[in-house]
Every structure is written in structure tokens, then in C-alpha cells.
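This report refers to the structure that appears directly beneath it.
Chain letters run A, B, ... following the sequence lines, proteins first, then strands; residues in each count from 1. Bear in mind the structure is a predicted one, so any value in this text is a computation, not a measurement.
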Amino acid sequence: MDYNFTEIEKKWQQYWHDNKIYKVDIDHNKPKFYVLDMFPYPSGAGLHVGHPLGYIASDIYARYKRLKGFNVLHPMGYDAYGLPAEQYAIQTGTHPAVTTEKNINRYREQMDKIGFCYDWEREVRTCEPGYYKWTQWTFLQLFNSFYCNGCQKAQPISKLIARFEEKGTEGLNVAESKPLSFTAAEWKAMSEKEQQEVLMNYRLAYQAEAMVNWCPGLGTVLANDEVADGLSVRGGFPVERKSMKQWQLRITAYADRLLQGLETVDWSESVKDLQRNWIGKSMGASVIFKVEGKDIDLEVFTTRADTLFGTTFMVLAPEHELVSEITTPEQRAEVEEYITRTKNRSERERMAEVRKVSGAFTGAYGINPITGAKLPIWIADYVLMGYGTGAIMAVPAHDSRDFAFARHFNLPIIQVVKKPGTEPTDPATWEESFDAKDGELVNSGFLNGLTVKKAIERMIEELEKLGVGTGKTNYRLRDAIFSRQRYWGEPFPIYYKDGMPYAMDESKLPLELPAISEYKPTETGEPPLARAKNWVTEEGYPIETNTMPGFAGSSGYYFRYEDPHNDKEYFSREANDYWQNVDLYIGGAEHATGHLIYSRFWCKFLYDIGLSCKDEPFQRMINQGMIQGRSSFAYRANMEKLCEYGVWRLIKDNKLGVKFEKDFKDGRRRFDFFCPEKGILIEINRMGNLEKVAEPWQDYAAEKGYKLLLVPIIDVVNDYKNGTDFVEQRIKDLIAGREVPAFVEGEAYDGTPIFISKNLEGREQFSDPIHVDINMVRNDILDVEAFRLWRDDLKDAQFIFEKDKDGNDIFVCGNEIEKMSKSKYNVQNPDDLVEKYGADTLRLYEMFLGPLEQSKPWDTQGIEGTFRFVRKFWRLFHNENNEFCVSDEPATAPELKSLHKLIKKEEDGIESISFNTVVSAFMICVNELADLKCNKREILEPLAIMISPYAPHIAEELWHLLGHETSVVNAVFPVYDESKTVENSFNYPISFNGKMRFNMELPVTMNADEVQAAVLAAPEAAKWIEGKQVRKVIYVPKKIVNIVVG
RNA sequence: GCGGGUGUGGCGGAAUUGGUAGACGCGCUAGACUUAGGAUCUAGUUUCUCACGAAGUAAGGGUUCGAGUCCCUUCAUCCGCACCA
């Protein structure tokens, strides 16, 4: 073999390792650059080709930046706490640390083979005490902080205590769970426990009763982003809403800063939008309604204060605390029945029934603070307790849900907004609610004639004047539930005294995860940590048994890479001043509402307390797309399914045989059936034209002396009932009516699986696609022998083959693009590809596949093209005998032009994360140089440097062959020289009326007049000008010449 | 329903941001060298047409000397979020 990648790659990986080529330290003589990958959770399955995609991209970027003179921090680590290892522990008793360690080693082995330039001395693992010490430490800082709304900053809780001692809650403007009010004297009079309870209302990490997503299948609570469609993201277990006491992070305090910060980072618009949506800021008003005959204030939130004149009823969430208080005795039974009914529904049921209107009347009435109108108060589960105040003023005319509700329960509807220039119509005739945001107000007293926008402002003004409402901003974002009832996570440095949680002293950190005997929850439902022996402080106080969630460790890992071995601090001032925040972050967009929000929160908090010099963690982010697998299918005739069509049932019941006839005169294939005992030949044919296609069969049957029954299956399928009756009648007639000789030709259906080729008729109706290992398929043709060996249970399967053009039997598979997954047998293992083609080819190919941010299918065959390119590249440096052969002659102009075009293309491509076009530029350049038979050092040396980010091993090998003693990693990227690429003539496309007709080589020095004269004088032009007048000539230098004729 | 993305050959995808549509690669076709080829090399490959030529970037309309690119309308598709008041 000419290019021995196995040897080369092994050699240089060893060299890089031995010489610590990728170790980085602070170097104030160089600008820093921080390139980060989202660190992986080491799962048992190992890496597939999709995983390294982002790692390869970041690796290229890091290597490129290094060649450009930057001091590049490019670390890697493991998000090592996680559910799979714990679930495995519950089943097998293996400590999750053991599983995790094993998986990490496998990941590392796979990553090493690809030749990444990570500084492994900076590796972090979230499950190691040296790391999670700082996760716990940050938690303590959060616990000991509150958020000051005035200065928009976290502050030490001691400041708050001092304030309470001085003036209580007077004029307090801080983030809080609920508003409290007390004087300094009252504060001082409180017991310690009472004071602690009060402080919980303000801490950034606090414990409180909350509606949580409880997942009985996992035995733990989950954060909102860990739940999708009412099921847990991990494991897919049902989730229910439940009120529990949990640790939470007051991330809502940062809602506005999280929103504003998005303006300062270079992220894709879609991820920013996802976050904006998740935070869900909406500006509106809070309005107080009195309850008739009672001294009760009912607060609602609305974004449409302008429609207050159109509100005709009110709705509370069934869990609303005032429901029982306001319900009248007559309505109590109905209301309670409704509450029980809604409470017993699971989250999934509730979501499934979203469009069903339901509710109950409380018997109470609210008073419209503006009009004084009496509004019936209802409860209904379309109003959610978790948003706003859990109560709404319903404006049925202009809200579709209120409209549906009003229609269903016959409540009045008043129109208050109309399209400008139209007259209001009677809402009773409406089909749906009328939601015109650019309309004007009617039936609304002092708001009449105003636009919606103006009316909202005017109404809020009025409400504030009357003291019955105020402008208010609401967020969809909830505080993050921070405790999990699991074992494999960071323990909380919290102990309980008198039932109240207290922070452990920082000197006690890390609080190490204790060994336990079993990993499931205790019999009494306590978290697994309750099994730990001596899980108490030195003073004997019990320690918290919850553990932190997965996102705890991943929220601040990027800081730790900056100073990973520091055991005095999270990270030093010096390290953070130099490395600052991540310049380029590469990873999946699926973390948009989880990790990427929590990390930003974490970073902003560390910024507030003076640790981080930046308040956004990731300056620029690229989300790589998923690499999908191409699954192959073989189609198995599905007898069960076929039996659903009456014919098959009859055939089965009558013990008729079945034969799949594969080679027929007209070239078509179809199912045919024989009755072995009775000698009946049945043809079932989809093609409609029964007469024509049945002819050969009639001959055949006559020749053999069988009775022939023709059944157009199209009848059976399209007209199920009649078709079945028809067939039934015919079969009965035939069977009952005659004495027929036994017939055994053909294969009777005996349960042997039968496979139908992709193109065979009837596939959709009568077959089950089964996934086939992609390694057994090439160009959609299944290797049937390999298939039989693969699935032992199918070794006797019968296949219906097709003929290829040479007359060979082939079995054609179907295919579909799906997510890569073991169960779909479409996984491409990078190890296999590295072994077959080398890491350099794999790296280049993954980049060549398409734009990094798009999802795209993996095409196994395509890698060959990239492999050819790499070998062609190698041959530039070698002669026919594979001897290294580079000449020191000066390069020619075309050679230099080719090189400098590539320099430009690579610089632009890498900066704009357009790696696929850079690879194609490499191919073009190498094709050109090969055509020029170029082996000049002046060209090849820069080329070796330039390819090193993509294909570091081959680059390093060639670099050393070129006589260098040091690594190509430390070389300098060649400088683009535009003068090398300029030409003194340009091959102009000449168009007439915008249509390109011919090309013409013209000197670039020509002016417009000269160009016009030259073009019009050209012999090819005559044909297009003939008989027409030249009206105008457009000349764009070095672009185009367009002649307008007519 | 709301928000965002995407639509270009048989396939993955290019197109310097308004200037030769289909680069580069896969696949396919033909040929060469071969005992052989899932190796290598050469040529071809958007569609229609024998050809001259014409059409062509989801569909329709517009702006322009010139539109894949800008504007309007529609459709398809993917991804988020979703009784959020």
C-alpha cells in the first residue's frame, strides 16, 4: 500500500502524546482563544459517527487558530453523573462509578483514534470530588445569596439580614417567592427557625413546596426541560404533577438578564428564539377584581387590559386557593366534583384533552373595577395555576379559548375591538373569536376609537389612578427544581437542625458521595442516600439525602478547565482574566432550554459575586446537526396482516397453499395460491385488467388440469366487504362442487417467513419492513446469505428475487433516513472507519458531508471519494515508486495561483464554519496541482500546514518528510497574497438580454467602450445582433458583459 | 394556533450575497488496463430535442439589463413551544 495510514496515525499520535504537543499554559505574549465542545455523557454504547462531528469541527478550528498564532485552550471532559449508570446499578448492583469509569475509558480510546488536539491534562469529570467540590461550593454561594432587583445583582444574604434588622421589609425590592411584610422589630422578635424560614423566601438556592414533575418510574422529580409530552426524556416514563418540597434555584430572578444577554452573544437565531420563548416574557397588567359581597381581592394578569370592557366572566384554575372560599353552598358539590375529576387526570390525559371545554360555576361574582359589571366566576382547567396568578378575566369576543368556553356554557359575548372602518357585528353570529391586534376599540367608554396599543396604555394609566391595577411583566420561566431523589449525583452540603436546612461550612467540602448497599429508594420512599451509614455531621445533624440534578455539574464546567487542578479555588483570578469565557462553543441545539440556560445563569451568578470576569459563558456558539443513519429494510410478507383481508383468512381456514411465483411471462410478480389437496389454482392480481394477465395462467391451469380461480385483489382491497363476499362465494363453490385430484406442486405455506423485494407489487399492504444491518447491503441489494447467517431464526426464509440486467437473482431492499440507533442497525462506528480508511479520511469526510449545522444522512459510500483525495494528496509528495520526492525549483504562476486561491478559501471557510466548502477547495487545488504535476516545496510545504487542521496525521508525516524537526502543529499558517491570484485577462460570459451565449477572453485593463467594441465585433455576436438593435451594453468588470438587444 | 428553519440533478450539496446555476464528491454510463475487480485511470452525466435550440433552482406573480439570491402570494416539509391569559 502506498499510503500507510495505520502506521502513520499510530506513530504521530504517540509523538504528540510523548512530547505533550497539546499542552497549553497561560502565555501573555499570545492572544488567547477558547474552543469548547459540549462534554459528553459517557454512555455504554460508545461513539457513533454522529458524535465526533462537532469534535472534529472544533478540533479543526482550534488547530487553525493555533496556526494563526493564538494560544488555544481546547479541553475535554465528561458529564459523568447520569441516570443510565444508576439504572444499571439498580439492576445489577454494580456501582455507577465503575460503569462510568469503564465507559469513559472506551470514549477516550475512541477519541484518541481520531487524533484530537485536546489538552488532556485539563480533563474534568463531574463525578470526581475534586470537581464537584466546586459544584457544591457554588450551591452554597447561591444558598447564601439573594437577588437585588434594584441593582440587578446577586448579593450576600448577610446584607439582607442587616437590612431586616434596620427597617424590616419596608421598600424592599428583591427577588422573592412571595411578598412578605414585617418591621425590624418583628424580625428581631422572630425565633431562629422563623428567621430561617423567612430567609428561604429570598435565597437564590432555596427549599420550597412546589408543583413538580414527579416521575414514579424513575422515583425522582424532573425539571421542565427533562420532560416532553408528559414523559421523562430519559427512559420515557409517565410524569405526574405533584406538590413536593424541593430545592430550587431562583433562576427567575435572572429572567430579564438572561433575555438581554442574548443580544450580546453570537448564537443562531433559532436557539436564541427557543430561549426567548422559554423565558416567555410578556408585558401586561395586573388587575384586582373584588368578589361580590366578600372582602376578597381577585388578582388577574392580562396582556390585553384594553379589553376590560369586554370581559363577561372570570375563570380560576381549579387549584386556585380562593376557590373554596368563594364557592356558594349551592354550587359546592358541582365545584368539588370538578376539582376531583381534574386532579385525578394524569398530565398526559390533560394534554390529550386540551380542546375539550369543561368547567364549573362557583356561584360567586366578581366586580369589574372599571364598569362595575357583575361577572360570574367559573373554574376550568384551561386556566393554569402555574402561570400568572392562576385567574383570568375572560374576554370571549377576542380570545379563542374564552370564546369556546362562553359558547359552551352560554355566557355573554361583547365585542370591544373592531377592524378600523368597519361596523361591529353581532358576536352571536360569529364562528370564532375576533383577534385584531391592529383594530380600534368600541363599546369601551373612554377607550372608544383608540388603537389597541394606545388603549392598553390608557387603561393601565386608569387602573393605576384608581388603585385597582398596575402594569406588570410576567415570565413563563419557572425556578429550576434542583433536587433529585437519586444516588448518582452531587450530595447537597446541607444538614438539618430543628427541621430547617443549614449550610455546611466550606471547609467541609467536598462532601463526598457515600457508599451505599443498594441503589433504589428505601422501602419508605426515601432517596437512596438515606441508606448511607453515618450520613450525619460531626455534631450529629442529619445530612440532606437528595442529590443534585444532572445540570448541576455541567453548568460551570467550562470554568474549571481554565484552572483544573486548583484545590484552593474554583478557578484563579489569573486564569480567568486570561482565558475569560468560551470564544467558540460547539454542540447540539437540543440543550437550548436546559444546559444552555442553566450555564448562563450559573455564569451570571459567578459574575455577580466577582468570580467570573464575563457574564456570558459562550460568546459564539455553533450547533452541529445530527448525522442520520440510512436504514435498510427487507420486507417480510405479513401473513397476519394479509389475513385481515378476507381472502387470506379464507385461504388459511381452508388450508390452501401459497406460492409466490417470481418469474412470469409479462415480467410482473405476484402472489399466487394453490390448494394442494383440491387442485385449485388461485390467482390474486392487483392489476385490474384480469382478462389480459390471466391468460397465461389459464393455459397453465388447462395444461395441468387444475381449476382456476381468478381474484382481482384490487376488489378485495378497495371494496373490502363485497370483495370478500365475492371471493368467499367463489372458493366455496369450487371446493364444495367438485372432486379434484391432489396437487402438491409449489410450496405450501408452512409458516416460513417470506421476504418480498422492495419493488414487488403489493408491498405496502402486505409486508412488514424489518431493519437490516447496513453492512449486509450495498446499493440497496441485500446479501441474502449474510442475512441468513445474521438472523438465525430466518435461515429458512424464502426470498422473492428480482432479476438484474445480467439475469442474476437480486433482492432489493428499501431504505429510509432515520436517527442513528443500535436498534435500527444503521449505526456507523467510527472505529471501523478509522481502521478501514484512517482518521484523516474520516475527519475530512465528516466535514465534507455538508454544512455543519444541518442534519444530514450518513452515506457510507461517499467516504471512498475522500479517501481517493487523501491518497492523491499523498502522491503529490511522492513519485510512482512511492518515494518521497519534492523539488526545490521555484513554483510557476499557475501553481502559486492555485495555492493562494486555497489559502483564501480556507481562511474564509473556517471563519464562517463552512468546512465542507474548504474540503472541496482542497480537492480542487490538489486536482489542479496533480494536473500541473507540481511537486515544488514552495507549494507543498504550505499545503501540508494548511491541511493539518483537517488531516493532522498525514500533515505531520509529510511535514517531517519535508525535513522539519518540530511538529506541524506549531507551524505558521501561510499568508494570502492576492497578487498571486490576479490575472491580466478575464474570460467574460457574454449575454444577450440576460442569457449567456458565449465566453470571450478580454484583458482586464480594457475600459467599457473598448469592451463594447470588442464584444460587438466578435464573430459569435453577429448571430444574436442580426436584425436587432443594440440598445444598451452593461459591462461589469471581471463579472459579465450583457448586451440588450431588441 | 404561535415562533423558527428548509425547499436547487438519481443523492450529499456549491454558487465570491444581484452577474456563466449545478462547483466538489457519491452514484450511474462508456472506454482503457487487467486472470479478476466493490482496484486504478480516461471521458461523459439537469431535463427535453437527431440536431439548431429550448426549458430549468417547490408553485404563481413582481422589481431589474440581469433573480436560486430582493419583494408579494401560495404550497410542501422539518424543528421548537403550546389552553401562557
Side-chain angles (χ1 to χ4, degrees), chain A residues 228 268-278 280-282 284-285 300-304 307 311 315 317 350-351 353-357 380-384 386-395 398-402 404-405 435 474-477 589-590 592-593 625-626 630 778-779 817 844-845 848-851 853-869 871 901 904-905 908 914 916-927 987-999 1023 1031-1036 1038-1046:
Chain A
S268 75
E269 220 31 59
S270 61
V271 172
K272 286 191 191 180
D273 264 323
L274 238 48
Q275 292 210 346
R276 286 192 193 108
N277 224 313
W278 191 258
K281 180 177 184 171
S282 59
V300 306
F301 174 76
T302 178
T303 54
R304 293 295 300 273
T307 60
T311 181
V315 188
R350 195 188 65 77
M351 285 164 78
E353 290 173 13
V354 151
R355 291 287 154 212
K356 282 192 190 162
V357 178
D381 65 355
Y382 83 90
V383 174
L384 307 176
Y387 184 79
T389 61
I392 62 157
M393 56 176 232
V395 186
H398 306 293
D399 179 284
S400 58
R401 297 151 302 172
D402 297 345
F405 196 82
D435 185 17
N474 225 325
Y475 295 92
R476 203 186 76 105
L477 186 71
E590 69 272 16
T593 54
M626 207 172 350
R630 191 182 141 109
R778 193 182 159 80
N779 292 349
I817 303 301
L844 280 160
Y845 184 56
F848 186 58
L849 224 43
E853 302 193 64
Q854 254 175 49
S855 287
K856 58 233 163 219
W858 177 263
D859 172 11
T860 312
Q861 292 173 111
I863 197 168
E864 297 279 351
T866 314
F867 189 47
R868 273 195 277 273
F869 158 75
R871 279 178 297 171
K901 269 190 335 202
K904 181 88 173 67
K905 193 83 193 160
D908 293 350
S914 177
N916 54 327
T917 59
V918 177
V919 177
S920 108
F922 269 117
M923 289 172 171
I924 293 168
C925 178
V926 167
N927 286 345
N987 193 21
Y988 282 94
I990 312 296
S991 352
F992 291 82
N993 290 344
K995 292 221 180 297
M996 212 285 280
R997 294 304 176 183
F998 61 90
N999 282 304
K1023 178 175 167 189
R1031 300 198 185 275
K1032 198 172 172 185
V1033 176
I1034 287 129
Y1035 164 62
V1036 186
K1038 286 168 101 175
K1039 289 263 198 250
I1040 200 172
V1041 178
N1042 187 23
I1043 296 147
V1044 187
V1045 294

Requested in this report: Please report, rounded to the nearest Å, how far the C1' atom of B/C26 is from the CZ atom of A/Phe848.
Outcome: 8 Å
Requested in this report: Determine the contact category for A/Asp399: base if any of its heavy atoms lies under 4.0 Å from a base atom, sugar-phosphate if only primed atoms, P, OP1 or OP2 are that close, otherwise nothing.
Outcome: nothing
Report task. Give A/Val1033 one of three labels, base, sugar-phosphate or nothing, depending on what nucleic acid heavy atoms sit under 4.0 Å from its own. Result -> nothing
Requested in this report: Compare the minimum distances between each of B/A23, B/A85, B/G25 and the side chain of A/Met923, then state the nucleotide with the smallest one.
Outcome: B/G25
Query raised in the report: What does A/Ile924 touch in the nucleic acid at a heavy-atom separation under 4.0 angstrom: a base, only the sugar-phosphate, or nothing?
Result: sugar-phosphate
Report task. Just label B/U17 as syn or anti from its O4'-C1'-N9-C4 or O4'-C1'-N1-C2 angle, using within 90° of 0 for syn. Result -> syn
Query - Under 3.5 Å donor-acceptor pair, A/Asn277 side-chain atoms to B/C81 base atoms - result: no
**Report entry** Gap in Å between the two C1' atoms, one belonging to B/C65 and one to B/U74, rounded
**Finding:** 29 Å
Query raised in the report: Which distance, rounded to the nearest 0.5 Å, do you find between the CD1 of A/Ile863 and the CZ of A/Arg868?
Result: 11.5 Å
Query raised in the report: Reckon A/Val1036 touches a base, only the sugar-phosphate, or nothing at all at heavy-atom distances under 4.0 Å?
Result: base
Query raised in the report: Would you say the side chain of A/Met393 lies within less than 4.5 Å of the side chain of A/Thr307, judging by non-hydrogen atoms?
Result: yes
Query raised in the report: Among B/G19, B/G12, B/C24, which nucleotide sits nearest the side chain of A/Asn927?
Result: B/C24
Query - Between B/A23 and B/G10 - P atom distance, rounded Å - result: 14 Å
Query raised in the report: Are any of A/Arg997's side-chain N or O atoms less than 4.0 Å away from OP1 or OP2 of B/A54?
Result: yes
Query raised in the report: Roughly how far apart, to the nearest Å, are B/G44 and B/C24 at atom P?
Result: 11 Å
Report task. Let me know the distance between CZ of A/Phe405 and P of B/A85, rounded to the nearest Å. Result -> 18 Å
Query - B/C11 OP1/OP2 closer than 4.0 Å to side-chain N/O of A/Arg630 - result: no
Query raised in the report: Say you pick atom C1' in B/A85 and the same atom in B/C79; how far apart are they, in whole Å?
Result: 26 Å
Query raised in the report: Can you tell me if the side-chain N/O atoms of A/Asn993 get under 4.0 Å from OP1 or OP2 in B/G66?
Result: no
Report task. Output the single nucleotide from B/G12, B/A85, B/U20 whose closest atom is nearest the side chain of A/Met996. Result -> B/U20
Query raised in the report: What is the distance from CG of A/Asp859 to P of B/C11, rounded to the nearest Å?
Result: 13 Å
Query raised in the report: When the distance from CG of A/Leu849 to P of B/G13 is rounded to whole Å, what number comes out?
Result: 8 Å
Query raised in the report: Quantified in whole Å, what is the P atom distance between nucleotide B/G31 and nucleotide B/A55?
Result: 35 Å
Requested in this report: Flag the pair A/Phe992 / A/Val1041 as yes when at least one side-chain heavy-atom distance between them is below 4.5 Å, and no otherwise.
Outcome: no
Query raised in the report: Side chain of A/Ser920: nearest nucleotide among B/A23, B/C81, B/G4?
Result: B/A23
Requested in this report: Would you tell me if any nitrogen or oxygen in the side chain of A/Arg871 comes within less than 4.0 Å of OP1 or OP2 on B/U40?
Outcome: yes
Query raised in the report: What does A/Asp402 touch in the nucleic acid at a heavy-atom separation under 4.0 angstrom: a base, only the sugar-phosphate, or nothing?
Result: nothing
Query raised in the report: Does any non-hydrogen side-chain atom of A/Phe848 lie less than 4.5 Å from one of A/Phe869?
Result: no
Query - Atom pair CG (A/Asn987) and CG (A/Asn999), whose distance is rounded to the nearest 0.5 Å - result: 4.5 Å
Query raised in the report: Over how many whole Å does the gap from A/Phe998 atom CZ to B/G53 atom P extend?
Result: 13 Å
Requested in this report: Verify the contact: side-chain N or O of A/Arg868 to OP1 or OP2 of B/U40, cut-off strictly under 4.0 Å; return yes or no.
Outcome: yes
Query raised in the report: Within the structure shown, what part of the strands sits under 4.0 Å from A/Gln854 by heavy-atom distance: base, sugar-phosphate, or nothing?
Result: sugar-phosphate
Query raised in the report: With distance as the sole criterion, is a donor-acceptor pair present between the side chains of A/Thr917 and A/Ser920 under 3.5 Å?
Result: no
Query raised in the report: For B/G9, does the O4'-C1'-N9-C4 (purine) or O4'-C1'-N1-C2 (pyrimidine) torsion place it in syn, i.e. within 90° of 0, or in anti?
Result: syn
Report task. Send over the distance from A/Glu853 CD to B/G12 C1', rounded to a whole Å. Result -> 17 Å
Report task. Please check the phosphate of B/A82 (OP1 and OP2 only) for any side-chain N or O of A/Arg401 closer than 4.0 Å. Result -> no
Query raised in the report: Could you give the CD-to-P distance, from A/Gln861 to B/G38, as a whole number of Å?
Result: 13 Å
Query - Cation-pi, A/Phe405 ring and A/Arg401 (6.0 angstrom, 45 degrees) - result: no
Query raised in the report: When the C1' atoms of B/G68 and B/A21 are considered, how many whole Å apart are they?
Result: 7 Å
Report task. For A/Leu274, answer base if it contacts any base atom (sugar-phosphate contacts may also be present), sugar-phosphate if it contacts only those atoms, and nothing otherwise; contact means non-hydrogen atoms under 4.0 Å. Result -> sugar-phosphate
Query raised in the report: Base, sugar-phosphate, or nothing for A/Arg276, non-hydrogen atoms under 4.0 angstrom?
Result: nothing
Query raised in the report: Say you pick atom P in B/A51 and the same atom in B/U46; how far apart are they, in whole Å?
Result: 14 Å
Report summary line: A/Trp858 CH2 to B/C11 P, in whole Å, measures 20 Å
Query raised in the report: Does the ring of A/Trp858 carry A/Arg630 above it, NZ/CZ under 6.0 angstrom from centre and within 45° of its axis?
Result: no
Query raised in the report: When you compare B/C75 with B/A82, how far apart are their P atoms, in angstrom units rounded to a whole number?
Result: 26 Å
